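Heads up, the thing below is written out as structure tokens.
The first residue in the sequence is number 1, and the count goes up from there. The model shown is predicted, which means the values in this text are computed figures rather than measured ones.
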Amino acid sequence: MFKVGIRAVRFNSTSVGMTWQQYLALKKQNSRINTVMSAFTAAGGALATLSYMGNLEIDPEKTIFGIDPLMFVVGAVLAGGFGGFLAGPVIGNPVFRLMNRNQLAQFRTRDHQFLERIKSRRVDPSSQSMSNPVPDYYGERIYSLADYKQWLRDCNAFKRKAKEFL
């Protein structure tokens, strides 16, 4: 820190131009984009698998890997849909980055700070039980300051219960 006249100028500042509310709104937007893309890619994967399996000549009297052919086709369509669902964030994340490219550096900085806060304040999961589950270990469902405060209260309640009952 250097003194310049009356004011102090600080180099290597850790402040970010994005507020926590803006960061959490962008985090929520990213989650929604990924969910929508997952729905579209799941439908696309299921339809692509169905169209491929529908064009195959399958003898209905012979089993495929010991499974009824109709059940095999249904399982393949479900597997194609599940694979498509998993591919949704592969498309959703670049769409989010493209939509918010001017705020992306600030978002990543805030995301790193947020994850460090979560890591330092989360509870030890070794004392969890069916009656005392760990509250959102990675903070994936925190989309507002109220959610964050509730998460902190849940972590404190978990710590208190774990200390009292163990």
Could you list all the side chain to side chain donor-acceptor pair (under 3.5 Å) pairs where at least one residue sits in [range], not counting sequence neighbours?
range: residues 78-95; answer: Asn34-Asn93
range: residues 57-72; answer: none
range: residues 40-53; answer: none

Identify the heavy atoms of [X] and [Y] that sit nearest to each other, and give their distance.
X: Met53; Y: Phe72; answer: CE-CE2, 3.6 Å
X: Ile58; Y: Pro69; answer: CG2-CB, 3.5 Å
X: Leu145; Y: Leu24; answer: N-CD1, 3.7 Å
X: Ser38; Y: Pro89; answer: OG-CD, 3.4 Å

What distance do [X] atom [atom1] and [Y] atom [atom2] have between them, rounded to the nearest 0.5 Å?
X: Leu104; Y: Gln106; atom1: CG; atom2: CD; answer: 10.0 Å
X: Arg110; Y: Phe107; atom1: CZ; atom2: CZ; answer: 12.0 Å
X: Ile64; Y: Ile67; atom1: CD1; atom2: CD1; answer: 8.5 Å
X: Thr109; Y: Gln103; atom1: OG1; atom2: CD; answer: 12.5 Å
X: Lys159; Y: Ser127; atom1: NZ; atom2: OG; answer: 10.5 Å

(Q) Using the side chain to side chain contact (heavy atoms under 4.5 Å, CB included) criterion, which residues pair with Ser144? Sequence neighbours excluded. (A) Ala146, Asp147
Q | All side chain to side chain contact (heavy atoms under 4.5 Å, CB included) counterparts of Pro94, not counting sequence neighbours | A | Arg97
(Q) If you count heavy atoms of other groups shown closer than 6.0 angstrom to CZ of Arg141, is the number above 12? (A) no
**Q.** Within 6.0 Å of CZ in Arg32, more than 12 heavy atoms from elsewhere
**A.** no
Q) Hey, what else clusters with Tyr138 if you join Ile, Leu, Val, Met, Phe, Trp, Tyr whenever side-chain heavy atoms sit under 4.5 Å? A) Val123, Val134, Tyr137, Phe158
Q) Gln113 and Trp20: side chain to side chain contact (heavy atoms under 4.5 Å, CB included), yes or no, with the steps? A) CA-CA 10 Å; Gln113 291 173 352; Trp20 284 109; 3.9 Å; yes
Q. Going by heavy atoms in the side chains, are Tyr148 and Leu152 under 4.5 Å from each other?
A. yes
Can you name the side chain to side chain donor-acceptor pair (under 3.5 Å) partners of [X], sequence neighbours left out?
X: Ser131; value: Ser129
X: Asp136; value: none
X: Asn100; value: Gln29

Tell me whether [X] shares a hydrophobic cluster with [Y], the cluster being built from Ile, Leu, Val, Met, Phe, Trp, Tyr side chains joined at under 4.5 Å.
X: Leu115; Y: Leu26; result: yes
X: Ile33; Y: Val36; result: no
X: Val73; Y: Leu56; result: yes

**Q.** Donor-acceptor contact present, side-chain Gln22 to main-chain Thr19, <3.5 Å
**A.** yes
Q: Any ring pair (Phe, Tyr, Trp, His ring centres under 6.0 Å) involving residues 113-135? Give me the pairs, sequence neighbours left out, ordered by first then second residue.
A: Tyr23-Phe114
Q: Can you tell me which residue pairs pass the salt bridge (charged side-chain N to carboxylate O under 4.0 Å, His left out) test with a partner in residues 111-126, sequence neighbours excluded?
A: Glu116-Lys119
Q | Evaluation steps, side chain to side chain contact (heavy atoms under 4.5 Å, CB included), between Gln150 and Asp154 | A | CA-CA 6 Å; Gln150 183 62 48; Asp154 292 344; 2.9 Å; yes
Q) Going through the distances and angles, do His112 and Arg108 end up as a side chain to side chain contact (heavy atoms under 4.5 Å, CB included)? A) CA-CA 6 Å; His112 179 72; Arg108 288 188 178 170; over 6 Å; no
**Q.** Partner set under ring pair (Phe, Tyr, Trp, His ring centres under 6.0 Å) for Phe85, not counting sequence neighbours
**A.** none
